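Take a look at the structure below.
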Amino acid sequence: MPGPTLLPFEHFWFVTVTSYTAILAGAVLWIGFGLMGFVARRFEQAYQLVTHWPFYFIAPAGVFAYLLLQAMASLQHENMGPVEQWIGYALLVWSAGLCWWGCYRFWRVLTYLSRRHD
């Protein structure tokens, strides 16, 4: 039994606006991790400590893949299907784990430098 259909203004707010907001938020997140990767790389060059900066460029690939799936569905004026959702969310979880690991490793370098400096 199909669910209730949305009125045009409801479809605009609940589907179109939220899809474009998700795409924009993911792009900002991806750019933010890229900038953090440049900062971590500079720290590695300056202090000769391993910061694992490539994590910041590799890990957000899952976010980028999710953005592509979401954008393709939005351009077709549809929501993502169940298979696309599982793939997209699995990539987001994978990406979040790698981003967390990269942040944790860089945080350890920063705490080491702050303790060494004191």
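Bear in mind that the values here come from a model prediction, so they are computed numbers and not experimental data. FYI, the numbering just counts along the sequence from 1.
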Grouping ILVMFWY residues whenever side-chain heavy atoms fall under 4.5 Å, the cluster of Phe9 otherwise contains Leu7

Could you see if Tyr20 belongs to whatever hydrophobic cluster contains Leu67? Use Ile, Leu, Val, Met, Phe, Trp, Tyr and a side-chain cutoff under 4.5 Å. yes

Closest heavy-atom contact between Val109 and Val50? CG2-O, 3.2 Å

Hey, any chance Leu110 and Val39 share a hydrophobic cluster, counting ILVMFWY side chains that come within less than 4.5 Å of each other, even indirectly? yes

Qualifying residues under side chain to side chain contact (heavy atoms under 4.5 Å, CB included), relative to Ala65, sequence neighbours excluded: Leu91

How is the hydrophobic cluster of Val93 composed, in terms of its other members, when Ile, Leu, Val, Met, Phe, Trp and Tyr link through side-chain heavy atoms under 4.5 Å apart, directly or indirectly? none

When hydrophobic residues are tied together by side-chain contacts of less than 4.5 Å, even through go-betweens, does Ile58 share a cluster with Phe33? no

In the hydrophobic clustering (ILVMFWY, side-chain contacts below 4.5 Å, transitive), which residues join Phe12, or is it alone? Trp13, Val17

Partner set under side chain to side chain contact (heavy atoms under 4.5 Å, CB included) for Arg41, not counting sequence neighbours: Gln45, Trp53

Under the ring pair (Phe, Tyr, Trp, His ring centres under 6.0 Å) test, residues paired with Phe43 that sit two or more places apart: Tyr47, Phe106

Within the 4.5 Å heavy-atom criterion, are Phe55 and Cys103 side-chain neighbours or not? no

Applying ring pair (Phe, Tyr, Trp, His ring centres under 6.0 Å) to Phe64 and not counting sequence neighbours gives Trp30

Taking all atoms of both residues into account, what is the closest heavy-atom pair of Leu98 and Ala59, and its distance? CB-CB, 3.4 Å

Contacts under 3.5 angstrom, residues 80-88 side chains, donor-acceptor by atom type, not counting sequence neighbours:
{"from": "Glu84", "atom 1": "OE1", "to": "Gly81", "atom 2": "N", "distance (Å)": "2.7"}
{"from": "Gln85", "atom 1": "NE2", "to": "Met80", "atom 2": "O", "distance (Å)": "3.4"}

Report whether Tyr66 and Leu29 are members of the same hydrophobic cluster (ILVMFWY, side-chain heavy atoms less than 4.5 Å apart, transitive linking). yes

According to the side chain to side chain donor-acceptor pair (under 3.5 Å) rule, which pairs have a member within residues 89-110, sequence neighbours left out? His52-Arg105

